Amino acid sequence: MTLMNTTKLGIIRITPSDGIVAGMFGTWKIIYEAGEEGLDPGGGFRINSNLWGFFLPQFSHPAFPGYVTFKTSSPDSHLICVSGDYNPSVEFKLHGSPLMKGESIHIVYGDTSDGNNPEAEGEVNIAAGEKITFEVWVDASGSGNYKKISGLPEVTVVAGKAKSLHVWGSSNQVIGQSFRLNISALDENHNFVNSYSGGVNVKYLDIQCRDNKKDYIMSCHKGIGYLNMTPEHEGICRVEVSDPDIGKCDSNPISIDLKSSVMKLYWGDIHGHSNMSDGRGSVDAYYSYARDVAGLDFCALTDHSEDMTDKDWEYMQEKNSYYNETGIFVTINAYEWTSWKEGHRCIYYRNGCREILSSNDKRSNTLHKLWEHMDDRCVFTIPHHPAGLGLGSEPGAVNWDVHNEKLEPLVEVFSSHGNFEYMGCPENKINGLRCGSFVQDALSRGYIMGMIASSDSHDGHPGLTGQYFYHRRSMRGLSKGCLVGVYAEKFTREDIWQSLKSRHCYATTGKRIILYFEVNGSPMGKEIYISDNGAAVNIKGYAAGTDRIEKIDIVKNNEVIFTKFGRCSEEKIEYVDNGTNKTRSFYYLRVLQADGEMALSSPVWCKVGI
């Protein structure tokens, strides 16, 4: 199908315009046919496409993704591109003879030269459900006065075929009380596939929830399926769902207890972006995906304050209130403060605030100024990708010389950018990271900081991000969502926020690994006292994974002091440390699964004294 729009300024055709599947590669042709006014030498032609609609165009490398060629139908006219490579606004100037009515400009995005350069194809926005909009502007006379061609239809991006199933349930359940297991269908880029229907096979991997003592088939409708379960025994429950055309997927481990736990485990992704700044999709789409598709318990949208106004912030807080529902789904008012000199911080409010703080504002353009506006009773900040993004001069890295212990209780150790525990750790995805800026570097300074993980998603898929950095056929590959597990007494915004601030939380690389850790009976995040520097320290831990636990490390003061190698998906670890303690030492657990997935607990700090 070809989209066409006719005005006095000319005719625009875009081919193809239907069947645009999220993540697809291809070649698109845009043809401008001059209208009654023609196009004089010095005149211009400009196309604006929304930033994340396609992989950004480039004109310099015929064998690289997003290659664009252009020409006119008149042999006496030629175009010069004046906008440069990788610019969402592409502008051309006409030279030579004028274009008369009916003469045309031909632009080919993703030009493969008839297949000789297949890597030059363009790529569609991988977020389904959005519309790709084109704005075409024409300066017919060369006066610099561009006029917009109005009424050009939008191109809607749809999800691809279902390629995987996501299945989840709340991590804590009680014997005899029914709960619901949820299933959602995803395409290869983690877009929700609402066209998926049919039966999926359900197989119990444990006996704790075998209602009818047999496996059976459950129906899915419009991409969603539900299964009511009643646990019969204590222990860990897992369920496998499968479709012969898609494959298998296991649920997260679900802990079945005799009675309701005082502190329950909740899962969240509290770092992501929408089209309010540099991400894809609306605020509504972001929270709907988090709640209904990813199955998160809590979530925060952290668009860049530098891209928003106070009115935008007011709108976001209204949306947060709308989606926040105690006991069902919790939202946290948050945004990101972005400084390439002092590091990136996400800011989380207990409730909310009137005014947004930006690094572009002289009142808050440094961390010290930022923190001066804050009261630690109602707000905290979390640094992310602390060792930087490896982009040339190491921008975005944290300078640990600048720290506020009251306002910065946590650090994001895992994200779609990789693992920032220490230099050379598994999943250090980025080259050129800054030495001295990793999480262990902060802990070695004596900072009291717990650990979280979140996606830093830009694809509108909190909890299940499948975004590609740059182009899928080049450079860095597919990232994955990362999660924070929080132990809280109540399923409310207040309790989730307070548990985060109190460091009763841990980080995973995306799997809902159940992790418990205590030192001398005190849980992760606590500061405790021991009688003297030779006192025994009793350490206990437990992990229920989504795959075999390969090993659990006990880390003391950034050194592994004991390792337990695992044999199955559940492992306990106990150890007594009789070694000499410093005035203040810290311990945390590192869990590694056979499939490479990880979890890191927040530390427990031991101080010598009474």
Side-chain angles (χ1 to χ4, degrees), residues 1-20 24-51 53-60 62 66-117 120-122 124 131-157:
M1 178 180 175
T2 299
L3 291 182
M4 184 173 74
N5 185 55
T6 304
T7 71
K8 291 183 179 180
L9 292 172
I11 300 172
I12 295 292
R13 299 183 180 91
I14 302 173
T15 307
S17 62
D18 58 351
I20 306 298
M24 73 179 290
F25 300 100
T27 298
W28 283 264
K29 296 180 180 180
I30 301 172
I31 299 174
Y32 164 70
E33 185 177 311
E36 296 176 3
E37 298 183 23
L39 188 64
D40 292 337
F45 176 79
R46 182 191 301 157
I47 304 172
N48 296 338
S49 176
N50 57 308
L51 178 61
F54 290 96
F55 180 75
L56 295 180
Q58 56 90 13
F59 304 84
S60 304
Y67 182 60
V68 177
T69 59
F70 50 89
K71 64 181 181 180
T72 68
S73 62
S74 169
D76 299 320
S77 304
H78 66 276
L79 294 173
I80 294 178
C81 177
V82 296
S83 54
D85 291 341
Y86 306 113
N87 193 324
S89 178
V90 179
E91 184 175 0
F92 303 92
K93 291 289 187 180
L94 182 70
H95 291 260
S97 299
L99 286 184
M100 308 305 293
K101 179 181 179 180
E103 293 184 317
S104 55
I105 293 172
H106 296 249
I107 300 169
V108 181
Y109 167 72
D111 190 346
T112 64
S113 299
D114 297 322
N116 292 323
N117 292 318
E121 284 187 321
V124 176
K131 297 180 184 296
I132 299 177
T133 58
F134 290 89
E135 293 183 351
V136 180
W137 301 70
V138 176
D139 172 17
S141 64
S143 64
N145 181 24
Y146 277 87
K147 297 179 181 180
K148 182 180 178 181
I149 297 180
S150 61
L152 191 67
E154 298 171 317
V155 178
T156 300
V157 179

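Keep in mind the model is a prediction, meaning the values are calculated, not measured. Heads up: numbering here begins at 1 and tracks the sequence.
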- Taken in chain and number order and not counting sequence neighbours, the residues that satisfy ring-ring contact (aromatic ring centres under 6.0 Å, His included) with His106 are none
- Check whether any side-chain heavy atom of Pro16 sits under 4.5 Å from a side-chain heavy atom of Trp28, and report yes or no. yes
- Between Ala140 and Gly38, the two heavy atoms sitting closest are CB-O, 3.5 Å
- Taking atom NZ of Lys93 as the centre, does the number of heavy atoms from other residues, nucleotides or ligands within less than 6.0 Å exceed 12? yes
- Query: Excluding sequence neighbours, so at least two apart, what forms side chain to side chain donor-acceptor pair (under 3.5 Å) with Glu91?
  - Reply: Tyr146
- Would you mind telling me which of Val136, Ile31, Val138 makes a side chain to side chain contact (heavy atoms under 4.5 Å, CB included) with Ile12? Val136
- Message: I need the minimum non-hydrogen distance between Val68 and Pro57, along with the two atoms involved.
- Response: CG2-CB, 3.5 Å
- May I ask you to test the Phe59-Val90 pair for a side-chain heavy-atom distance under 4.5 Å? yes
- Query: Any side-chain heavy atom of Ile30 sitting closer than 4.5 Å to one from Tyr32?
  - Reply: no
- Sub-4.5 Å side-chain heavy-atom contact between Arg46 and Ser89: yes
- Side chains of Leu79 and Phe45 in contact at under 4.5 Å (non-hydrogen atoms): no
- Task: Please examine the side chains of Lys8 and Lys147, heavy atoms only from C-beta on, and report whether any two atoms are closer than 4.5 Å.
- Result: no
